[in-house]
S.K.: 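Below you'll find the structure I mean.
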Protein chains: 12
Amino acid sequence: MSGTFEVIERVGVSTESIAQAVRNAVEEAHKEKKVAWFEVVEQRGRVTSEDKVEFQVKVKIGRKLN
Amino acid sequence: MSGTFEVIERVGVSTESIAQAVRNAVEEAHKEKKVAWFEVVEQRGRVTSEDKVEFQVKVKIGRKLN
Amino acid sequence: MSGTFEVIERVGVSTESIAQAVRNAVEEAHKEKKVAWFEVVEQRGRVTSEDKVEFQVKVKIGRKLN
Amino acid sequence: MSGTFEVIERVGVSTESIAQAVRNAVEEAHKEKKVAWFEVVEQRGRVTSEDKVEFQVKVKIGRKLN
Amino acid sequence: MSGTFEVIERVGVSTESIAQAVRNAVEEAHKEKKVAWFEVVEQRGRVTSEDKVEFQVKVKIGRKLN
Amino acid sequence: MSGTFEVIERVGVSTESIAQAVRNAVEEAHKEKKVAWFEVVEQRGRVTSEDKVEFQVKVKIGRKLN
Amino acid sequence: MSGTFEVIERVGVSTESIAQAVRNAVEEAHKEKKVAWFEVVEQRGRVTSEDKVEFQVKVKIGRKLN
Amino acid sequence: MSGTFEVIERVGVSTESIAQAVRNAVEEAHKEKKVAWFEVVEQRGRVTSEDKVEFQVKVKIGRKLN
Amino acid sequence: MSGTFEVIERVGVSTESIAQAVRNAVEEAHKEKKVAWFEVVEQRGRVTSEDKVEFQVKVKIGRKLN
Amino acid sequence: MSGTFEVIERVGVSTESIAQAVRNAVEEAHKEKKVAWFEVVEQRGRVTSEDKVEFQVKVKIGRKLN
Amino acid sequence: MSGTFEVIERVGVSTESIAQAVRNAVEEAHKEKKVAWFEVVEQRGRVTSEDKVEFQVKVKIGRKLN
Amino acid sequence: MSGTFEVIERVGVSTESIAQAVRNAVEEAHKEKKVAWFEVVEQRGRVTSEDKVEFQVKVKIGRKLN
């Protein structure tokens, strides 16, 4: 690892699993620019109008600058 | 969101997944009174006598006060 | 619970789920010596060269001393 | 201070100020049973459909048991 | 451990020791319903009008639901 | 709530109140793109050269991606 | 900013607002010696005997040494 | 509670108990000026040259200003 | 203090007091190798089948390497 | 300080010192837009293939919003 | 270690290194009264008008009382 | 990164710099077994009998198991 990295924060959402909510956020960021690492920093959620538990997972995502 | 909300704390248990432990706690609270949101605050567990990994997940649950 | 316990720290890895990364760390420690409890303390990860999201989950593991 | 105290958690809501959101939660709890002390533990919010900033303030509230 | 657990918060008070303040809170909760575990989360206090140091200890208490 | 959210961090400034410092940061971010939620994460300040207390409030702001 | 700074801790009290409780603590410290910056570190309170919500706000205050 | 309070930090030491280490710090501060409240913020220690466990307990202590 | 130190984590158990639970963990580690310092990092417990409150105290323990 | 500030997060890297890793991140951000302040939030690292200790330091960086 | 200790908080400043900022604060406190130990609790900074990175490091400093 | 990792904790000591204290701990651990990553978790110190500031830096160190 050399050079400087940016760290951005995203919230991924899924009714399937916490891992899937993470993947939604990380894979979307990875399409924009190669992801070097991520950190899960918060796991929240709600019950949807169809009575499903929805996971909202906040991740910090590190990507190389330039 | 208006009015005041109560926040209660529950621990859901599952040998299947962390998400399932969350669902067990949240869905049980939702049956009593509509859940507005939840926050995962601790993830612990043990190995059962059948050598299964059991997840014990502590969640804060927000519900509207009448 | 009586007697003294040791607490060790391990990082389990899985591309499948956070629960599976926990199981990998806990079951390996359990083979060495019976695990009394565990606590998930950090969830990080990376994107592999095959563009898979890999979970790296840090767990504290409690085991009875002697 | 003597005897045991219960600690409950409430979220008060206000578009006016953070102090007013705290008051809404604490005064409602005080009507049920005399409040001994409170602690502000989280300050969040949203923008309402009328473009107003709404404060949602989580408070722990201590009250004497029995 | 199976099924869901509630987690409540209490503050026990004692001029004798921190352990006694914990016992006061936990034993009172145990009389209402069997306590599964507890966690000490805050230790505060004051000097009484008789110049005694009084301990006020906040504990989270886990009990089985139903 | 569905899709992914970005979380940005801003510091709003006001000599009037903490709530006004939050509003300054949140309303400015809301003009750029609709704000879904915010979290107050730090409250600092200084005394200005006119001896006024100035509040500098750090907020995390969540907004829908695309 | 050069030279060394002292950091002291004060609790300001107000029934009006959280900002006013901060001002009470900071302005009093400023009269003793010029305040360089402050940080709000805790917000607690009580209900007074006249049923008013009183805010007790703990601030760290930085001032230049000599 | 009205007026402003100072908060100082002390470490009390005892080989007898954690409560006694707290009392040593709080009672000494109380002799200088009336203590309004205290908070235990850290519990450390060492083994003395006579193989005794010594507790070193850090407390924040609140006292009324003037 | 010179050279490098290892830090291990242990949980001591006692129904008598928190201090005794610390001593159980620290003295056992001290018999293996001279303890330089310890830090109390968690205080939990349970009610035993004889209705006794049992303290389980997690300590970090520092010892000189080689 | 007036107006609103953005807070971004960067990771600077250096095998020389922690200060140099901070400088790498802060000076690069400063070239893009004048830096008002920074906060060190995490210090990690690795051993390189040439057996050098590499510091990876995460900083929050505050800059004025136009 | 016996007797009671005071803990004060200082911010040392240096453009050279984080260690030098710590030394500035600790050595100044040591001249006033013998320092028993210190803890680094915050590392912040700014870019000076000459485009130099300045480190501002907050330390807690323990000294024997009387 | 695949397989499971152990995480150990060490305190490195240096009067030269914080970076050197980290290197002392990490390089010693690296000689025993290849270090994958490290995290700085605490920075403390003392003034030596020759009036030198000594840094004591606690690091978590990750190494591959087997």
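First the proteins, then the strands, lettered A, B, ... as listed; each starts at 1.
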S.K.: Can you list everything that forms a side chain to side chain donor-acceptor pair (under 3.5 Å) with A:Glu32? Sequence neighbours excluded, please.
M.R.: A:Arg10, A:Arg63

S.K.: About how many Å separate CD of A:Glu9 and NZ of F:Lys60, when rounded to the nearest 0.5 Å?
M.R.: 3.5 Å

S.K.: Take atom NZ in F:Lys33; do more than 12 heavy atoms of anything else shown fall under 6.0 Å from it?
M.R.: yes

S.K.: Measure the CD-CZ distance between A:Gln56 and F:Phe5 for me, rounded to the nearest 0.5 Å.
M.R.: 7.5 Å

S.K.: State the CD-CD distance between A:Glu42 and F:Glu39, to the nearest 0.5 angstrom.
M.R.: 5.0 Å

S.K.: Report yes if some heavy atom in the side chain of F:Thr4 is under 4.5 Å from a heavy atom in the side chain of A:Val11; otherwise report no.
M.R.: no

S.K.: Can you tell which part of F:Leu65 gets under 4.5 Å to a heavy atom of chain A, answering side chain, backbone, both or neither?
M.R.: side chain

